[in-house]
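Working notes for the structure below.
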There are 2 protein chains.
Amino acid sequence: MPVSIQDVADRANVSISTVSRVLNRRNIVNQETRKRVESAISDLGYSPNVFARGLMLRKSHILGLVLPDLHGEFYSEVIRGANLRARELGYNLMISSIVAKDDGSELMAAVGDHGLVDGLAVMISEVNARTRATLEKIKIPLVVLDGDVDGVKHDSVVIDQRTGVVALLRHLIEDCQARRIVFVGGLETNIDTIERLDAYREVTADAGIEVTASDVHHLDYQYDTAFELGVKKVREWARRRAAVFAANDEMAAGIIDAALAAGLSTPDDLPVVGFDDTRVATMTRPRLTTVRVPMSSMGAAAIDLLCQRIENPKRPAVKLSLETELVVRESCGAPSAITS
Amino acid sequence: MPVSIQDVADRANVSISTVSRVLNRRNIVNQETRKRVESAISDLGYSPNVFARGLMLRKSHILGLVLPDLHGEFYSEVIRGANLRARELGYNLMISSIVAKDDGSELMAAVGDHGLVDGLAVMISEVNARTRATLEKIKIPLVVLDGDVDGVKHDSVVIDQRTGVVALLRHLIEDCQARRIVFVGGLETNIDTIERLDAYREVTADAGIEVTASDVHHLDYQYDTAFELGVKKVREWARRRAAVFAANDEMAAGIIDAALAAGLSTPDDLPVVGFDDTRVATMTRPRLTTVRVPMSSMGAAAIDLLCQRIENPKRPAVKLSLETELVVRESCGAPSAITS
DNA sequence: TTGTATGCGTTATCAA
DNA sequence: TTGATAACGCATACAA
C-alpha cells in the first residue's frame, strides 16, 4: 500500500539514488531523468517516509512545545504564534502540558528523548529544584519561555514585565493621582507574579506610596476568586482611595464587577488596571487599562530561537526580551494618550 | 552520543534480540538476564529510537489534531481535552491550524502523509467541495469533529446543538415569556451557525413566533462586532420586547454591554442568551444563560475514537453525539432551575 | 550523470 | 531461552 522510493525508481526506470537525488540535491541530475522521476513521483503520490528519513538524517522536523497548562487565552495565543511560525519554517509542532503534580520530567522525557523532537520549547511558571533538574537533562536544543533557569544553558524568551509594570503604575500615580495601590496577583510561587510584585514594590517605594501587608493579595489568576475578594474589599479600597493593580485582565475584570455589585463604579470610585491585554480587556465596562504582552510573539520567538540553534548549535545562548506596551483605556480614570 | 540497543546489548553481554525482548515481550526472557539488561538500560539511560521503531512497526504514536483556527477558548479547550486523553493513551499530539486561505489540504498532506501520524482528528467549520476532496484523500484513521462529511467514511464527533438550542429557546419562550427572538450568529457558511439557525427557525415556528429577515444577523462570533451591532439595534429590540439569542457567549456579552451603553438593562429591557458556556458566560453581569458545550470532551472523544480505530480498523464508522446542557443564569430573566 | 552497496536502530523470523 | 539475520525506507560514499 505505501509507495516507497523503490516504486518510484522502478516506474521511472532509474535507481533509488537518482530518485533520492531528485528529492534532495536536485542540481546534479539530468533534466530529462529528473522529469521522468518527478512525474513518477506525482503519479504515484509518493512522499518520503518520515521514519526512514529521520533514521538517516537524525532530524524529525518536529518541535515540542511544553506548557504549564492549557487553560486560558495566554497559552492558546502562545500556541497559535508558535504553530504559525513553525509551519513557516517547515516544522511540525507537538504540544503537551505539564499535568498537575507532574513536574514535567515524565513528559519531557517522553517528548524530548528518543530523538522524536528536534528541539523543545518549555514554558515554566514555577522554577524549583525539580524543574531545574529536569531541564538539565535535556540534551537537545532547548528554549525556556518566560523565565530562565540558572545553571542550565539554554536560550530563553522573556517578556519585559518590569518595564510594563513601571509604565502602568507610573501612569496610575502620575496621571491618575493614585495615592495607594492594591496588588492582586497569582500564587506567590508564580514567576510572573513574583516579577510583577517586585516591580510594584519598587515603583510604589519610589513614589513614596505606602504598601502594607494587606495591600498584597495572592489569588489564582481567575475571575471568580478576584470577584469574591473584591466583594469583601472594594468598599474599603474605595474608602482609602486606592487603585487596584491586578496581575492579569481576568482578575481585573472580577474586581470591576465586584465594585459594580457593591454600588461602586470604576474608575471613579475604584480605578482598576490589568495585565496582558487579552480579549477580556475590551470586554469589561469600562474597558481595561492594561499592559499588552506579546503572547503569540512569544511562541513565535521561541520557535525562531529553536530553529536558529538547530541550524547552529554552537551559537551562544541568547536571552530574548520582548517588549510590553502600556495600553490606556478607561478603567484607570485618566485621559488616554494611546487609545486602542 | 546517542546510545543504541547495541550498546545495551554489549553492556549486558547479550544480543540485541534479547534486549528487544526485554523491552517488548518481557515474559519470554530469563529472570537474571532480564535484570542484567534492565540495569544496563538504566545505566546507559537508553531509550529506543523512535524512527527505527516507527520504521519497523509503522506506528508513530503521534496523533494529529487539525483545527480551523487557534483563536478562542473553544479551540483551546478542545486541544486541552485532546491532549490529556492522548497522553493517557500513550500518544503524543501534534497540532496545526488551517491557515486562512488554505483549505487545509497542504497541511493535512504534510501531516497525514508520510506516515508521521497514526491518525488525524480534523475539525472543520465549513464543508465545501475542497474540504471534502481533501478528506477523501486521507487514508489513515480519521475522525471529523463538529460536522460530518457526506461521502467520506470516517468517525465523527458532533455536539447535539439542536437539543441545546431547543432547550434554550423553549426556556426563553415558556419561562421568560419571550414573544420575539433575535438571532445573532456567525458567518452563514459556518456549520455551527447553520445548525443553530435551523433549530432556531424550527422552535420559533413551532411557537408561532414570527421571524423576519431583520431578525437574523450574521456576524463573526466576536465581542466587538456584536457590540457594534447592539449599539445600533438594542433600542429597537427592546421596544419590540425581543430577546436576543447569540450563537456564542462572546457575542452575547457584546450585546449585553451594548444594551447597558444604551441605558438599557439585561434582562429587564433586553434578555440575552449565549451559547457554549465559556468562561465569558460568568464574566458578564448579569451572568449568561447559555448552553454548555462539552468542549474538552470533544477533544477527548476524538482521541478515543481515533485510538479505537487504530486498534480495530475494521470497526464500522461511528458518529458520536455529545450532549449539551441548558445553563440558566440571570441574563434571560427567569427563575433558574439549574444554578451554576 | 547514474548505479551499487552500506548503514541508520529497530523488530521479527528462524534456527540453535 | 537465546542469537544471528533479514527486513523497514532512505541517504550517501564510492564506483562506474
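Values reported hereafter were calculated over all heavy atoms of this structure, with side chains retained and with hydrogens, waters and symmetry mates removed. We name chains A, B, ... by the order of the sequence lines, and we start the count at 1 in each one.
Protein atom CG of B/Leu116 is 20 Å distant from nucleotide atom P of D/dC8, rounded to whole Å. Note: CG (A/Asn13) to P (C/dG3) measures 9 Å, nearest angstrom. The CZ atom of B/Arg34 sits 10 Å away from the P atom of D/dT2 (whole-angstrom rounding). Separating the CZ atom of B/Arg36 from the P atom of D/dT2 is a distance of 8 Å, rounded to the nearest angstrom. A straight line from CD of B/Gln6 to C1' of C/dT10 spans 12 Å, rounded to a whole angstrom. Atom CD1 in A/Ile28 sits roughly 13 Å away from atom C1' in D/dC14 (whole-Å rounding). The CG atom of B/Asn24 sits 13 Å away from the P atom of C/dT13 (whole-angstrom rounding). For A/Lys59 and D/dG9, the NZ to P distance is 23 Å, given to the nearest whole Å.
For D/dG9, one of the phosphate oxygens OP1 or OP2 lies less than 4.0 angstrom from a side-chain nitrogen or oxygen of B/Arg58. Residue B/Thr33 places at least one side-chain N or O under 4.0 Å from the OP1 or OP2 atom of D/dT2. Between B/Ser20 and C/dT11, a side-chain N or O to OP1/OP2 separation shorter than 4.0 Å is present. Taking only side-chain nitrogens and oxygens, B/Asn49 never comes nearer than 4.0 Å to OP1 or OP2 of C/dT10. Dashed line: the shortest gap from a side-chain N or O of B/Ser15 to OP1 or OP2 of D/dG3 is under 4.0 Å. Phosphate contact (OP1/OP2 of C/dG3, side-chain N/O of A/Ser17, threshold under 4.0 Å): absent.
The existence of a salt bridge linking A/Lys35 and A/Glu38 is excluded, since no basic side-chain nitrogen approaches an acidic carboxylate oxygen closer than 4.0 Å. Between A/Asp155 and A/Arg315 a salt bridge is recorded (basic side-chain N to carboxylate O distance below 4.0 Å).
The residue among A/Ile16 and B/Met56 whose nearest nucleotide of DNA chain D is located toward the 5' end is B/Met56. The residue among B/Leu55 and A/Asn30 whose nearest nucleotide of DNA chain C lies closer to the 5′ end is A/Asn30.
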Decide side chain to side chain contact (heavy atoms under 4.5 Å, CB included) for B/Glu73 and A/Glu73; before the verdict, give the C-alpha distance in whole Å, the side-chain angles of both, and the deciding distance to 0.1 Å. CA-CA 7 Å; B/Glu73 182 174 345; A/Glu73 181 174 347; over 6 Å; no

Does B/Val117 form a side chain to side chain contact (heavy atoms under 4.5 Å, CB included) with B/Met94? I'd like the steps, not just the answer. CA-CA 8 Å; B/Val117 299; B/Met94 206 139 81; 3.9 Å; yes

Run the side chain to side chain donor-acceptor pair (under 3.5 Å) check on B/Gln6 and B/Asp10 step by step: do they pass? CA-CA 6 Å; B/Gln6 184 64 60; B/Asp10 291 349; 3.0 Å; yes

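Nearest nucleotide to the side chain of A/Arg21, out of D/dT12, C/dT2, C/dT10: C/dT2.
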